[in-house]
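Since the structure is predicted, the reported quantities are computational estimates derived from the model, not experimental observations. Heavy atoms only: backbone and side chains are in, while hydrogens, waters and symmetry mates are out. Letters go in sequence order (proteins before strands), and every chain restarts at 1.
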Number of protein chains: 2
Amino acid sequence: MNDRATTTLDQVARQAGVSPSTVSRILNGTAKVSDAKRARVEAAIAALNYRPNVMAQNLARGRSMTVGVVTQDIASPFYSESLKGIEAALADTGYAPLFVSGHWNEADEIERVALLVDRRVDGLIVLTGMLPDEILLETAERVPLVVTGRQLAAPRVFSLDIDHEAGAHTATLYLIGLGHRRIAHLAGVQGHPDARARLAGYRRALDDAGIAYDETLVVDAQFNEEGGVAAIEQLLERRTAFTAVFAANDQSATGARLALYRRGIAVPEQVSLVGFDDLPGSLYCTPPLTTVRQPAYQIGRTAALALLEMMDGKPAPELSLSVELVVRESACAYSQP
Amino acid sequence: MNDRATTTLDQVARQAGVSPSTVSRILNGTAKVSDAKRARVEAAIAALNYRPNVMAQNLARGRSMTVGVVTQDIASPFYSESLKGIEAALADTGYAPLFVSGHWNEADEIERVALLVDRRVDGLIVLTGMLPDEILLETAERVPLVVTGRQLAAPRVFSLDIDHEAGAHTATLYLIGLGHRRIAHLAGVQGHPDARARLAGYRRALDDAGIAYDETLVVDAQFNEEGGVAAIEQLLERRTAFTAVFAANDQSATGARLALYRRGIAVPEQVSLVGFDDLPGSLYCTPPLTTVRQPAYQIGRTAALALLEMMDGKPAPELSLSVELVVRESACAYSQP
DNA sequence: CTGTTAGCGCGTTCAG
DNA sequence: CTGAACGCGCTAACAG
């Protein structure tokens, strides 16, 4: 069946003339072993090129040494950064991440979570997504859980969210400070919690500045480049004047930038543009995009670190990450035409 | 220790009043079972909300139902697409991918591969990377292997490469056809096989057109945005005239585009730009980037499909993927200044 | 310090 | 068609 030579712990024990438990002990440092036997065992291990079977260890220990991570799209420029942070935090801990994608689809996510639970992951990280809180709470009964992008208060849960409203408020206020009064907003997907929060921040900034909210300046947009293109086209068709655009995320900002380019509208000379997220690529847009930085890598790293604590039986730690405006070149002072 | 209720197969058997093997049988469809017992077992499964312990199944079956995937950077826009293809091909096959990053570092990769082998992955996919062929061949003795970005002829190995030389040749010829004669080349990383092949394609195109190779037009560049910026600056310092740039990958092309923007050099009016890869974002550059499309998603998908075949005991399939030039807006006909 | 004895939870003969 | 017995490879008491 399996033609690949695979040495077992028993074989090592036999070769070294000791019992299997002794081998196990020196492998895990579980107990003191005489130097003589230790040497013999180590020699045997080397000679046989023995490597423990992790699956068997897992079964015996009742732990899989894996943590499940449900992201929405493994190729998303934003979430990938978080995955990277998770990967880094888990490196050399013995835990391996199991990444699965939920595709912003509740049914998919439920299935993936089940898959991970069946594989007996020792912990779970859910990056945003569409799962209802109840399912998450239910899942937390079976395994330590970390969720991002939402607040969830429960015993074995650590939730990690940033203040999208404040970020949007800052961005909009920045544009206002630059002299803009007609600020369009690409509002993301209807009903998405992040979108809702960012819109709220936008509105509050307008309020603060005594600028009336004009709904013809606000348009929904998918959270991707295509959505940005479509949104700008829609805005242009409406023939509402605007001198700045605040996009609910960098990908739609990038799409917006292209749509403006296509119409021969210069950024930032004619229209200022601000995004949200600060994707790695946003620094290399032309012009480099001014945006609200969301620490995606840190989010992932922090999530993983918190999960490690929880898997260790410790309580979920406290902390908060903040967003900040990164001023680059896609927005400038409004100048009378 | 473990406070989470976990039902076992034995409990289901007891509850249904049958033997564990019967439960196992109906779980795996291994043999015919009387409808009466089947119904009882299914009821018990539902009542107890039983889910098989995958770790235990794996140990018993001798298969982990996982495939290892070593990528270089989990957040790389190029490789992420391949991961996505792998994920899609593996969906609903029962196999779960285990993604690890090698960071373009031989030592890291060796360690990661060992980690995957220890976890008893049933198959392995290595996306490019720095591993010497010997190590790969050695690994292939233990597990079915698929490698991309290189040619490796061996029994249990499937290698999948695209013709970088041809792609670069096509791109360069395209620029020549547009009337360009002074075509700079951002040559990627010294010694990288892809970089070498792409440079060769560039040179062959020049030869074909009877244009002398001018080494002052060629400059090394990291395969990222920063590398593109640096390369353009270096080129500009050399004060060699050029009317077009062929970058060895899209990320460096994007960096180049920004560097040109900074110097007030218009793309494509003053300098034409062509990249390589066709990253998802390249469609949304301003201007949209003309580039050589490398089917990253397909590569991943094909790799996974081939691996599935091999894990099934079938021989490695044959096939080849091709590159194609995607003409967009970053390059145009050369016009006398 | 060390060997022996039991499992971990399930798949798979092997007899019935 | 079904159950009993054994084994996957390793860890974890339990005696010595």
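- Judged by distance alone with a 3.5 Å cut-off, no donor-acceptor contact links the side chain of Ser21(A) to the base of dT11(D).
- Thr302(A) meets the side-chain hydrogen bond (donor to acceptor under 3.5 Å, both in side chains) test with no other residue; sequence neighbours excluded.
- Residue-level contact check: Pro20(B) touches neither bases nor backbone, having no heavy atom under 4.0 Å from any strand.
- For dT11(D), one of the phosphate oxygens OP1 or OP2 lies less than 4.0 angstrom from a side-chain nitrogen or oxygen of Gln57(A).
- Judged by distance alone with a 3.5 Å cut-off, a donor-acceptor contact links the side chain of Arg25(A) to the base of dG3(C).
- A side chain to side chain contact (heavy atoms under 4.5 Å, CB included) with Val70(A) holds for exactly one of Leu127(A), Thr128(A), Leu116(A); it is Leu116(A).
- Applying the 4.0 Å criterion to OP1 and OP2 of dG3(C), one finds that Thr22(A) has a side-chain N or O inside that range.
- Atom CG of Asn58(B) and atom C1' of dC8(C) are 14 Å apart (whole Å).
- Between the CE atom of Met55(B) and the C1' atom of dG11(C) there is a distance of 16 Å, rounded to whole Å.
- Take Ser82(A) and apply the side-chain hydrogen bond (donor to acceptor under 3.5 Å, both in side chains) test, not counting sequence neighbours, and it matches no residue.
- In this structure, Asp10(A) atom CG and dT5(C) atom P are separated by 14 Å, rounded to whole Å.
- Protein atom CD1 of Ile45(B) is 10 Å distant from nucleotide atom P of dC10(C), rounded to whole Å.
- With rounding to whole Å, Ile26(A) atom CD1 is found 14 Å from dC1(C) atom P.
- Looking at which nucleotide of DNA chain D each of Val18(B) and Ala60(B) is closest to, the 5′-most match is held by Val18(B).
- When heavy atoms are screened at a 4.0 angstrom cut-off, Leu9(B) is found touching the sugar-phosphate backbone but no base atom.
- Of the residues listed (Val113(B), Val67(B), Val69(B)), the one engaging Leu124(B) in a side chain to side chain contact (heavy atoms under 4.5 Å, CB included) is Val113(B), and it is the only one.
- Look at CG on Asp118(A): it is 14 Å from C1' on dG9(C), rounded to the nearest Å.
- The distance from atom CG of Leu59(B) to atom P of dC10(C) is 12 Å, rounded to the nearest whole Å.
- In terms of phosphate contacts, Asn28(B) brings a side-chain nitrogen or oxygen within less than 4.0 Å of OP1 or OP2 of dG11(C).
- Below 30°, between 30° and 60°, or above 60°: for Phe223(B) and His192(B) the angle between ring planes is above 60°, a perpendicular geometry.
- A straight line from CG of Asn53(B) to C1' of dG7(C) spans 14 Å, rounded to a whole angstrom.
- Between Arg63(B) and Asp122(B) there is no salt bridge, since no side-chain nitrogen of the basic residue lies less than 4.0 Å from a carboxylate oxygen of the acidic one.
- Taken residue by residue, residues 29-39 of chain B places no heavy atom nearer than 4.0 Å to DNA chain C.
- No hydrogens or angles considered: nothing links the side chains of Ser21(B) and Ser24(B) as a donor-acceptor pair under 3.5 Å.
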